[in-house]
Amino acid sequence: MISVETALEIILNEIKPLGKERVSILSALGRVLGEDISAHIDNPPWDNSAMDGYAVRTADTSEASKDRPAILKIIEDLPAGYTAKKDIKKGEAIRIMTGAPIPNGADAVVMVEDTELQGQEASASGAGKGQVKIFREAKVGDNIRKAGEDFKKGDIVLRKGGLIRPAEIGMLAAVGKSNIYVYQRPKVAVLSTGDELVEIDETLTHGKIINSNSYSISAQAQACGAIPIQLGIARDNKKDLKEKLTYGLTADCIISSGGVSVGDFDFVKDVLKEMGSEMRFWKVAMKPGKPLAFGIIGDKPAFGLPGNPISSMVAFEQFARPAILKMMGRADIFKRPIPALLTRPIKKKPDRMHFVRAVIEEEKGQFYVTPLEGQGSGILSSMVKANCLIILPENVKDMEKGSTVKVHTLDQSLLYQDKPGY
Ligand code: AMP
Ligand code: MG
């Protein structure tokens, strides 16, 4: 038997990122950036107003107050998108809108709430005319967004290997990139094996079971950004297995389930060995999911996951997921463990690494985790209830209620609830 850590290390050593492709930023959500992105301009490009108000010279507002306002002559009206035609001189102000460039001569903006137009002629229609009362002393820089305060020309604003979220897409647009390099999404060929398997719509006669692994594994692949390709079901004979696995070589990666243990009809190992330059077959010290095959066929990584539905899903999580993320160019490929307190004891021998289906919840700043009933490797219903896996390392023995364990979340349920979270 080898440890989970060793198996993972060997696997990841063999995995290389795929090539890159150029895509529109409109279809880049969820992809991984294939290049560092630097800014071609300062942002904002020039000093501009953070408020609707009056661009002024602070010297003209010294000691201004509600009772003793400074009175300035309005010389121009400046909406966003335009440049002031005039410079501000002593005793003058320009009515300015949010986002408009600061006129020459001004060193602050007084917000409209701290001002009052003076006289009949200075109504809203009297744009650029009249006088304004300023009720407070302005300080240099008040309500001015400085050029380059967001980023400066030449700054690296996004790094290669990062996940592209809506904010990254906004940033790409802001630095003038409509098309960018992203890593290719791996095509993952998914094969189920077994004479007992029937497809969803087929008649279920005695002795047969529905192929669910193809669907759960495809969804897992999709969830980490890959494109699943269905190879269907291969029967437990070498010819069928070889045919279907060979077809799988058109993809970037092959994942099969079943047929890797020591039963009389477990031919996946033999066939992978015949096809692969170097295949490894392990008993990995983990529960669920002991048997595992991994190797490179041609230049394509191939995973032979165990057949039990939970074993295959857990093995996918541990080995295929980080491998796929590495193929996708992701910088961070491992799940971050969350520490949580056990609400119930767990029995364990110090033998293998256990992955326990469980529910993690937060209460008053503390995470609690409750192991679920039904930990058998074929019990899908507990996998459905689970939002996390408790990780119990090999050497760990029985765990008492209240002990701290590490947890990998399986989904985003921890991040959502049925009421606002303020
Ligand atoms: P195997 O590793 O092929 O011996 O399979 C182990 C167990 O997992 C058996 O009970 C199989 O029936 C079951 N199994 C294998 N493949 C699938 C699949 N695609 N969908 C659901 N169950 C499966
Ligand atoms: Mg089988």
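In listed order, ligands and their atoms are each counted from 1. Throughout, residue positions are numbered sequentially from 1 according to the sequence presented. Computed from a prediction, not measured in an experiment: that's the story for all the values here. Reckoned from all heavy atoms, side chains included, excluding hydrogens, waters and symmetry mates.
- In terms of protein heavy-atom proximity, atom 17 (C) of ligand 1 is closest to Asn213 ND2, 3.2 Å.
- The one candidate from Lys385, Arg344, Arg357 that meets the salt bridge (charged side-chain N to carboxylate O under 4.0 Å, His left out) condition with Glu373 is Arg344.
- Using a 4.5 Å heavy-atom cutoff, the side chains of Pro301 and Phe319 are not in contact.
- Under 4.0 Å from ligand 1, the heavy atoms of Ile210 that appear belong solely to its backbone.
- For the 3.5 Å distance criterion, the side chains of Ser3 and Thr6 qualify, holding a donor opposite an acceptor.
- Assignment of Ser212 to the shell around ligand 1 is supported, since a heavy atom sits closer than 4.0 Å.
- Looking at Ser261 against ligand 1, only its side chain comes within 4.0 Å, counting heavy atoms.
- Nearest protein neighbour of atom 22 (N) of ligand 1, counting heavy atoms only, is Ile209 CD1, 3.4 Å.
- Protein heavy atom in closest approach to atom 10 (O) of ligand 1: Asn308 OD1, 4.1 Å.
- Atoms of ligand 1 found under 4.0 Å from any heavy atom of Ser192, numbered from 1 in the order shown, are 19 (N).
- For atom 11 (C) of ligand 1, the nearest protein heavy atom (residue, atom name, distance) is Glu196 OE2, 3.0 Å.
- Taking distance alone, with nitrogen or oxygen atoms compared against 3.5 Å, Asn211 approaches ligand 1 more closely than that limit.
- Within 6.0 Å of NZ on Lys300 lie more than 12 heavy atoms contributed by other residues, nucleotides or ligands.
- Considering both main-chain and side-chain atoms, Gly259 comes within under 3.5 Å of ligand 1 through a nitrogen or oxygen pair.
- A salt bridge links Glu21 and Arg31; the closest N-O separation between the charged side-chain nitrogens and carboxylate oxygens is under 4.0 Å.
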Worked verdict on Asp398 versus Lys347 for salt bridge (charged side-chain N to carboxylate O under 4.0 Å, His left out): CA-CA 5 Å; Asp398 291 350; Lys347 287 242 169 273; 3.6 Å; yes
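- At least one N/O-N/O distance between Gly307 and ligand 1 falls below 3.5 Å.
- Judged by distance alone, the side chains of Ser192 and Asn213 never bring a donor and an acceptor atom under 3.5 Å apart.
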